[in-house]
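What you see is a predicted model; the values in this text were computed from it and never measured. Numbers restart at 1 for each chain; the letters A, B, ... are given by sequence-line order, proteins then strands.
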Amino acid sequence: MSLRIHNTLSGKVEEFVPINPPRVLIYTCGVTVYDESHVGHGRSLVVFDTFRRFLEHLGYQVKFVRNFTDVDDKIINRAGKECTDFMTIANRYIAHYYEDMEAIRVKPADVEPRVTEHMQEIIEIIQKLVEIGVAYESEGDVYFSVKAFKDYGKLSKRSVEEMEAGARVEPSEKKRDPMDFALWKSAKAGEPWWDSPWGKGRPGWHTECVAMAFKHLGETIDIHGGGLDLVFPHHENEIAQAEAITGKPFARYWMHNGLVTVGGQKMSKSLGNYVTLKEIYTKYHPDILRLLVLFTHYRSPLDFSWEKMEETQRAYERLKDTITNIELLKKLSVVEEMRETPSIYARAKELEESFFASLSDDFNTPEALSHVFTLVGELNKIKNRAFEEKKIDRRELEAYEEVAKSLLDNLKKIFGLMEDLYPECEVERVVRKELEAGQVLDSKLVDILIEVRSLARQNKQYQIADLIRDRLTEAGIELEDTPAGTKWKKVR
RNA sequence: GGCGACGUGGCCGAGUGGCUUAGGCGAGGGACUGCAAAUCCCUUUCACGGCGGUUCGAAUCCGCCCGUCGCCUCCA
């Protein structure tokens, strides 16, 4: 099963062929650390985190680099407002970033370089660009000359002429051509600076990623990723610099995720329509955000709303219930009636193959999820029949458990979902853990109350039984009576 | 203004020349239950922005139109 991915460079879905299999080198543009990360950042991070997990599952040895931009105008501005230095701001938001990533289960990259730790490499690249004549110094600034690089515009599919027609480029006497972009900016008073052949200054936006990709991955990488909004100018400018120097393709595949919108409008700081990741995962289980992201193809826009979070939450609960229901099924009486192998094995295998086929087809996670939910339906049928008959065949029980476990494995490993679910699927233990840490109610007490309620029900003292149920519901503990006993879970 | 993307059933959201049902949420019906807000099952059997065209056949290809959005400035 070959993997096919969409390449922004060609505008087509192409077969993925790594340069040196099984190694795959991936670079994605990380965040600029000047403020909290929001759902827009979260989507990009989840998409590439999941894609990387999938590559690893396919047997590739992935080296994944995701950088921090820790010096730029916005960080400096923020520092000015808070009367502190840019490093304090950068360090603060890097720390917050790590908290967010841990919460939403985005695995750390193999290398997470910072711009400020690569000044030497950045300066060397700029020097080289000046030497070969595609960049020039002008009053302490250094600019890249877009007309000196013949392929300029190949990623974003526009020509220098077209862009000039757009006429929204900042005019500057320092530039030879309005489209030229800054590689090095001379330091203004009060700004951080580094020594360079052109005097004190700091790097422009795009050289950093080239420098860090070169250093940690090499001159040609397999996949370069980021948000769709980075195609121009950021990635275009990276290509210009890298390829002007090496004469080789900088990245073989360029992958861009679609943007998160709110009411159809791009989620952004400037519009003020953003929702921070912290807000999300303090209100919902972090898996809900991951599932929300995976429910939309990574290249399509994703319109965020709290209603959609609720919908996703419900779908998630159903998925989780199906997996954890194995514990309930085990409490039924187990019989030996079935002769043949349960058909769920074959069905699960078929659906798993479809699942991977979908992922291999330009990482179609929503289609992959449709197969997951089809399997959920099949497992629920078994469960329902068992509950109706108040018994289950041993073979079928084993089949349910094996299929549910293997489903859970895939969800954990590739989608990063339900990582806190025990392999034995003991949901009560998970909830118990939450309760113990989170103080709502002591889980032992819940058990005792359920026991008392069961007794009351046996004696048809329904007033007492319902009172216990109502009070527990108020306390956030939801009860469900099943033929296999009473199940409980914590609701938000 | 230039470049690009998109417009699918009540909502969200895949698909992309015919064959098989995407899937989720909601809704309706039912099962289970002492009851149930919980859970499960079934149904939601002429969906593909408009108008033309190509084709034996198009939601799927082509053209035009309408609408929405993105990039062109920092942005995941």
Side-chain angles (χ1 to χ4, degrees), chain A residues 8 11 28-32 34 37-48 69 72-74 77 153 156-159 161-170 179 205 225-234 236 256-261 264-270 291-292 295-297 299-303 305 307-308 310-319 321-322 325 328 354 358 361 364-374 376-377 379-385 387-388 390 457-458 460-462 465-466 469-470 473 478-483 486-489 491:
Chain A
T8 309
T28 65
C29 294
V31 291
T32 301
Y34 73 102
S37 299
H38 58 63
V39 177
H41 304 110
R43 182 188 192 187
S44 189
L45 290 158
V46 167
V47 162
F48 287 104
T69 297
D72 93 328
D73 291 348
K74 284 191 209 168
N77 289 343
S156 53
K157 297 178 178 56
R158 56 188 96 189
S159 66
E161 290 70 31
E162 275 165 14
M163 286 185 265
E164 286 177 349
R168 279 178 61 182
V169 193
E170 200 179 314
M179 288 309 298
W205 181 30
L228 196 61
D229 52 356
L230 295 183
V231 173
F232 190 90
H234 187 50
E236 193 69 71
H256 293 97
N257 63 276
L259 304 179
V260 174
T261 58
Q265 298 262 305
K266 179 179 173 180
M267 180 179 283
S268 70
K269 282 275 149 60
S270 47
L291 194 59
L292 175 81
F295 255 133
T296 302
H297 186 90
R299 286 194 285 122
S300 300
L302 192 168
D303 200 53
S305 68
E307 293 72 39
K308 212 174 262 187
E310 286 294 322
E311 282 181 17
T312 308
Q313 157 106 349
R314 271 173 235 131
Y316 176 77
E317 291 293 337
R318 218 181 122 217
L319 181 59
D321 282 341
T322 297
N325 275 340
L328 286 172
S354 301
S358 295
D361 181 16
N364 195 334
T365 55
E367 195 176 86
L369 279 171
S370 80
H371 302 305
V372 167
F373 279 93
T374 303
V376 164
L379 288 169
N380 286 341
K381 271 180 210 166
I382 294 176
K383 188 218 84 172
N384 229 38
R385 187 155 33 81
F387 275 11
E388 270 168 28
K390 297 195 172 53
R457 288 177 71 213
Q458 275 170 37
K460 300 200 191 307
Q461 292 169 313
Y462 296 120
D466 291 349
R469 182 171 62 192
D470 291 347
T473 305
E478 204 165 73
L479 299 190
E480 181 193 340
D481 297 323
T482 78
T486 300
K487 179 178 175 179
W488 61 274
K489 65 182 168 189
V491 292

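With a 4.5 Å cut-off on side-chain heavy atoms, A:V47 and A:T365 do not count as touching. Residues A:K460 and A:Y462 have side chains in contact (heavy-atom distance under 4.5 Å, counting atoms from C-beta outward). Between A:N364 and A:H297, the closest side-chain pair of non-hydrogen atoms falls below 4.5 Å.
Distance alone, capped at 3.5 Å, places no donor-acceptor pair between the A:E367 side chain and the A:S358 backbone. At distances below 3.5 Å, at least one donor-acceptor pair connects side-chain atoms of A:T322 with backbone N or O atoms of A:R318. A:K308 places a side-chain N or O within 3.5 Å of a backbone atom of A:D303 that can act as its donor or acceptor partner. In this structure, the side chain of A:N384 does not engage the main chain of A:N380 through any donor-acceptor pair within 3.5 Å. A:R43 places a side-chain N or O within donor-acceptor distance of the main-chain N or O of A:G258, the cut-off being under 3.5 Å. Counting only distance, with no hydrogens or angles, the side chain of A:H41 and the backbone of A:H38 share a donor-acceptor pair below 3.5 Å.
No engagement by A:S268 is indicated, since no non-hydrogen atom pair under 4.0 Å with the nucleic acid exists. If you check every strand for non-hydrogen atoms under 4.0 Å, A:R314 touches sugar and phosphate atoms only. Among the heavy atoms of the strands, none lies under 4.0 Å from A:F387. Contact annotation for A:K269: no contact, since no heavy-atom pair falls under 4.0 Å across all strands. Residue-level contact check: A:G225 touches neither bases nor backbone, having no heavy atom under 4.0 Å from any strand. Here A:G40 lies in heavy-atom contact (under 4.0 Å) with a base. A:K157 comes within 4.0 angstrom of the backbone, heavy atoms only, and of no base. Using a 4.0 Å heavy-atom distance criterion, A:E307 is classed as making no nucleic acid contact. Among the heavy atoms of the strands, none lies under 4.0 Å from A:V372. Backbone-only contact: A:T374 has heavy atoms under 4.0 Å from sugar-phosphate atoms and none from a base. Using a 4.0 Å heavy-atom criterion, one finds that A:G11 contacts no nucleic acid atom at all. Nucleic acid contact for A:N380: sugar-phosphate only, since backbone atoms but no base atoms lie under 4.0 Å from a heavy atom of the residue. Heavy atoms of A:L230 sit under 4.0 angstrom from primed sugar atoms or phosphate atoms, though from no base atom.
Across all strands shown, B:rA5 is found opposite B:rU68 as a Watson-Crick or G-U wobble partner, with both distances under 3.5 Å. Within the shown strands, B:rG63 is the pairing partner of B:rC51 under the Watson-Crick or G-U definition, both distances less than 3.5 Å. With both pairing distances under 3.5 Å, B:rC74 is matched to nothing as a Watson-Crick or G-U wobble pair. With a cut-off of 3.5 Å on both Watson-Crick or G-U wobble distances, the partner of B:rG10 is given as B:rC25. Partner assigned to B:rC56 is B:rG18, using Watson-Crick or G-U wobble distances below 3.5 angstrom. Under the Watson-Crick or G-U wobble criterion, with both distances below 3.5 Å, B:rU39 is paired with B:rA31. Nucleotide B:rU45 forms no Watson-Crick or G-U wobble pair with any nucleotide shown, as no partner meets the under 3.5 Å limit on both distances.
Rounded to an integer number of Å, the gap from CD1 of A:I382 to P of B:rC40 is 15 Å. Atom CG in A:L228 sits about 16 Å away from atom P in B:rC69, given to the nearest Å.
Between B:rC35 and A:K460, no contact under 4.0 Å exists linking OP1 or OP2 to a side-chain N or O. Neither OP1 nor OP2 of B:rA76 sits under 4.0 Å from any side-chain N or O of A:N257. Checking the phosphate oxygens (OP1, OP2) of B:rA14, a side-chain nitrogen or oxygen of A:S300 falls inside 4.0 Å. For the OP1/OP2 pair of B:rG24 and a distance below 4.0 Å, the side-chain nitrogens and oxygens of A:R318 include at least one atom meeting the criterion. Contact annotation: A:R469 does not reach the phosphate of B:rA36 (side-chain N/O to OP1 or OP2, under 4.0 Å). The phosphate of B:rA76 has OP1 or OP2 within less than 4.0 Å of a side-chain N or O from A:T32. Distances shown here put a side-chain N or O of A:N364 below 4.0 Å from the OP1 or OP2 atom of B:rG15. Proximity of A:K390 to the phosphate of B:rU33: a side-chain N or O atom is located under 4.0 Å from OP1 or OP2. For the pair A:R385 and B:rC40, the criterion of a side-chain N or O lying under 4.0 Å from OP1 or OP2 is not met. In this model, the phosphate group of B:rC71 is approached by a side-chain N or O of A:K266 to a distance below 4.0 Å at OP1 or OP2.
Distance from the side chain of A:A315 is smallest to B:rC25 among B:rC71, B:rG23, B:rC25. Of the candidate nucleotides B:rG70, B:rU39, B:rC74, B:rU39 has the atom nearest to the side chain of A:E480. In the set B:rG23, B:rA22, B:rC41, B:rA22 carries the atom at the smallest distance from any side-chain atom of A:P366. Closest approach to the A:P233 side chain among B:rG2, B:rC74, B:rC25 is made by B:rC74 (side chain taken as heavy atoms from C-beta onward). Of all nucleotides listed (B:rC74, B:rG70, B:rA22), B:rG70 comes nearest to the side chain of A:Q265. Of the listed nucleotides (B:rA76, B:rA14, B:rG34), B:rG34 has the atom at the smallest distance from the side chain of A:R457. Among the nucleotides B:rG13, B:rG2, B:rA76, the one closest to any side-chain atom of A:S44 is B:rA76.
The C1' atoms of B:rA58 and B:rC51 are separated by 15 Å, rounded to the nearest whole Å. Annotation: B:rC46 and B:rU21 have their P atoms spaced 12 Å apart (nearest Å). For the C1' atoms, the distance linking B:rG9 with B:rU43 amounts to 14 Å, nearest Å. Nucleotides B:rG70 and B:rG63 are separated by 25 Å at their P atoms, to the nearest Å. Between the C1' atoms of B:rA14 and B:rA59, the separation comes to 13 Å (whole Å). B:rC62 and B:rG13 are spaced 24 Å apart, taking the P atom of each and rounding to whole Å. For the C1' atom pair drawn from B:rC12 and B:rC72, the interatomic distance equals 31 Å after rounding to whole Å. Distance check on atom P: B:rA36 versus B:rU20 gives 41 Å, rounded to whole Å.
How far CD of A:E311 is from CZ of A:R314: 6.5 Å, rounded to the nearest 0.5 Å. For the atom pair OH of A:Y316 and CG of A:L291, the computed distance is 8.5 Å after rounding to the nearest 0.5 Å.
The base of B:rG34 sits with one of its N or O atoms less than 3.5 Å from a complementary donor or acceptor on the side chain of A:D466. With hydrogens and angles ignored, no donor-acceptor pair closer than 3.5 Å exists between the side chain of A:K383 and the base of B:rC40. Put simply, the side chain of A:D481 and the base of B:rC35 share a donor and an acceptor less than 3.5 Å apart. Contact of A:D470 with B:rA37 (side chain to base): a donor-acceptor pair of N or O atoms is detected under 3.5 Å.
Between A:E317 and A:E388, the one whose closest nucleotide on RNA chain B sits nearer the 5' end is A:E388. Comparing A:F232 and A:E311, the nucleotide of RNA chain B nearest to each residue sits closer to the 5' end for A:E311.
Stacking between A:Y462 and B:rG34 is shown: the ring centroid lies under 5.5 Å from the centre of the six-membered base ring, and the planes differ by under 30°.
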